[in-house]
> 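One structure coming up, written as structure tokens, with questions to follow.
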2 protein chains.
Amino acid sequence: MKKNKKYDCAMGCPVEATLDLIGGKWKGVVLYHLVDGTLRFNELRRRLNGVTQRMLTKQLRELEECGLVVRKVYAEVPPRVEYRLSKQGETLKPIIAALADWGKKRLAAAA
Amino acid sequence: MKKNKKYDCAMGCPVEATLDLIGGKWKGVVLYHLVDGTLRFNELRRRLNGVTQRMLTKQLRELEECGLVVRKVYAEVPPRVEYRLSKQGETLKPIIAALADWGKKRLAAAA
DNA sequence: CAGTATCCACCTAGATACTG
DNA sequence: CAGTATCTAGGTGGATACTG
């Protein structure tokens, strides 16, 4: 996420490393929706109520860069670009599921 | 985290709600260290290499406000303040552990 | 020891307009 | 359709000094 991020928290804070990847406003949610399978750019956009094109593009690029998401461009007109979890990204599934589950319970309890 | 946050992502993004609580630069790490038990302010500070007093105070207040952490002040001189996970916070343990575990593997793989 | 109080650089994220 | 390009407000986090 950060350019020159050093994980120098001496006693080791692997949590920090993980949150750096899935934190931010949209990354976790993007991942959450990709768990169910491949999605095209605009499909993703519709699922992420309120995200701007710029932001979605940015988040996807970062997720791609750190190897969690795969971007596949089809040489067609109109253009088609699909996004899916990489092998690395797949390993996040249980975590995403846990986050979603916890969030559901919390939202339910608050209501 | 945000004041007037509305979780209006129509299809439901409970992940967003959760990340909003444990995201940010320090919250997850604070939680991570509190999993092992109660800690005093400065103990926590030493474990979070690089955090400033201001930041740690702020993060702790927010965690307290959303009911994940309990703050206990002892009427002593010198002052003593202890922080621990609330009952709600305890339910995050498996998630924190999962995040830490995943982060460890990823850092190991990168090395 | 465990905070507050200021001040400030930077980044995140949004709005908007344009393009291959 | 799937982006890029600009511009900008506001928030996040950091530095530093002070206090009960």
Side-chain angles (χ1 to χ4, degrees), chain A residues 1-9 13 16 19-30 33-34 38-66 69-84, chain B residues 1-9 13 16 19-30 33-34 38-66 69-84:
Chain A
M1 193 175 175
K2 298 285 192 300
K3 307 296 164 60
N4 310 319
K5 193 65 184 288
K6 300 185 195 70
Y7 298 108
D8 54 5
C9 186
C13 301
E16 191 184 1
L19 285 178
D20 224 43
L21 297 178
I22 67 174
K25 185 159 182 185
W26 301 105
K27 294 218 184 70
V29 191
V30 168
H33 286 290
L34 286 181
T38 299
L39 288 176
R40 299 182 54 174
F41 186 84
N42 273 354
E43 287 176 330
L44 210 40
R45 187 142 98 100
R46 274 187 290 275
R47 277 173 175 73
L48 270 57
N49 207 344
V51 75
T52 58
Q53 280 186 329
R54 179 179 125 77
M55 265 301 118
L56 183 52
T57 302
K58 194 161 161 289
Q59 305 301 307
L60 285 169
R61 286 294 185 286
E62 290 178 9
L63 287 170
E64 192 193 355
E65 191 187 0
C66 65
V69 158
V70 175
R71 179 170 180 263
K72 184 162 185 181
V73 185
Y74 292 83
E76 301 176 356
V77 177
R80 178 154 59 113
V81 181
E82 290 182 348
Y83 294 89
R84 63 177 174 79
Chain B
M1 194 177 176
K2 298 285 192 301
K3 308 297 165 59
N4 309 319
K5 193 65 185 289
K6 299 186 195 71
Y7 298 109
D8 54 4
C9 186
C13 301
E16 189 185 2
L19 286 177
D20 224 44
L21 297 178
I22 67 174
K25 185 161 183 183
W26 302 104
K27 295 218 184 73
V29 191
V30 168
H33 286 289
L34 286 181
T38 300
L39 287 175
R40 298 181 55 171
F41 186 84
N42 273 354
E43 288 176 330
L44 210 39
R45 186 142 98 100
R46 275 187 290 274
R47 277 175 175 71
L48 271 56
N49 206 344
V51 75
T52 58
Q53 282 186 329
R54 178 180 125 75
M55 266 300 118
L56 183 53
T57 302
K58 196 163 158 289
Q59 305 302 307
L60 285 168
R61 287 294 185 287
E62 289 177 11
L63 287 170
E64 192 192 355
E65 192 187 0
C66 64
V69 158
V70 175
R71 179 168 179 265
K72 183 161 186 184
V73 184
Y74 292 84
E76 303 175 356
V77 176
R80 177 154 60 113
V81 181
E82 290 182 348
Y83 294 91
R84 62 177 176 79

> Without decimals, in angstroms, what is the distance between B:Leu44 CG and C:dC1 C1'?
14 Å
> May I ask you to evaluate whether A:Arg61 reaches the phosphate of D:dG3, defined as a side-chain N or O under 4.0 Å from OP1 or OP2?
yes
> Think B:Tyr83 has a side-chain N or O under 4.0 angstrom from the OP1 or OP2 of C:dC1?
no
> Does a nitrogen or oxygen in the side chain of A:Arg46 sit under 4.0 Å from OP1 or OP2 of D:dC1?
no
> In this structure, how many angstroms lie between the C1' atom of D:dC1 and the OH atom of A:Tyr74, rounded?
15 Å
> Enumerate, in order of first residue number, the stems that involve DNA chain D, defined as 3 or more consecutive Watson-Crick or G-U wobble pairs with both distances under 3.5 Å.
C:1-20 with D:1-20
> Whole-Å distance between C:dC11 P and A:Asp20 CG?
14 Å
> In whole Å, I'd like the distance from the CG atom of B:Leu39 to the P atom of C:dG3.
13 Å
> Hey, does A:Leu39 have a side-chain heavy atom less than 4.5 Å from the side chain of A:Arg47?
yes
> A:Gly28 and B:Leu19: which non-hydrogen atoms are nearest, and at how many Å?
CA-CD1, 3.5 Å
> Under the rule for side chain to side chain contact (heavy atoms under 4.5 Å, CB included), what residues qualify as partners of B:Val51, not counting sequence neighbours?
B:Trp26, B:Arg45, B:Leu48, B:Met55, B:Leu56
> Rounding to an integer number of Å, can you tell me how far A:Lys72 NZ sits from D:dG3 P?
15 Å
> Restricting to pairs with a member in residues 70-80 of chain A, which pass salt bridge (charged side-chain N to carboxylate O under 4.0 Å, His left out), not counting sequence neighbours?
A:Glu76-A:Arg80, A:Arg80-A:Glu82
> Measure NZ/A:Lys25 against P/D:dT12 and give the value in whole Å, please.
10 Å
> If the condition is side chain to side chain contact (heavy atoms under 4.5 Å, CB included), which residues does B:Val69 pass it with, not counting sequence neighbours?
B:Leu31, B:Leu34, B:Leu63, B:Tyr83, B:Leu85
> Heavy atoms only: give me the nearest B:Thr38-B:Arg84 pair and the separation to one decimal.
OG1-CB, 3.4 Å
> Under 3.5 Å, which protein N or O atoms sit close to an N or O of nucleotides 18-20 of chain D? Give each pair with its distance.
none

> Once you round it to whole Å, what is the distance between C1' of D:dC1 and CZ of A:Arg80?
11 Å
> Quick check on DNA chain D: between B:Lys58 and A:Arg40, whose nearest nucleotide comes earlier from the 5' end?
A:Arg40
> Go through D:dA2, C:dG14, C:dC1 for me and flag the one nearest to the A:Met55 side chain.
C:dG14
> Just the rounded figure in Å: distance from P of C:dA13 to CZ of A:Arg45.
17 Å
> Given that B:Leu60 and A:Gln59 both sit by DNA chain C, which one's nearest nucleotide is further toward the 5' end?
B:Leu60
> Ignoring hydrogens and geometry, is there a side-chain-to-backbone donor-acceptor pair from B:Glu43 to B:Arg40 under 3.5 Å?
yes
> So among A:Leu44, A:Asn49, A:Asn42, which one has a side chain to side chain contact (heavy atoms under 4.5 Å, CB included) with A:Arg46?
A:Asn42
> Of the nucleotides D:dG3, C:dA2, C:dA13, which one has an atom closest to the side chain of A:Phe41?
D:dG3
> Check whether the side chain of A:Arg54 and the base of C:dG14 form a donor-acceptor pair under 3.5 Å.
yes
> Could you go through A:Glu64 and A:Val70, starting from their C-alpha distance and side-chain angles, then the distance that decides it, and tell me whether this counts as side-chain contact (heavy atoms from CB on, under 4.5 Å)?
CA-CA 6 Å; A:Glu64 192 193 355; A:Val70 175; over 6 Å; no
> Would you sort out whether B:Lys58 and B:Glu62 count as a salt bridge (Lys or Arg N to Asp or Glu O under 4.0 Å), showing the intermediate values?
CA-CA 6 Å; B:Lys58 196 163 158 289; B:Glu62 289 177 11; 3.5 Å; yes
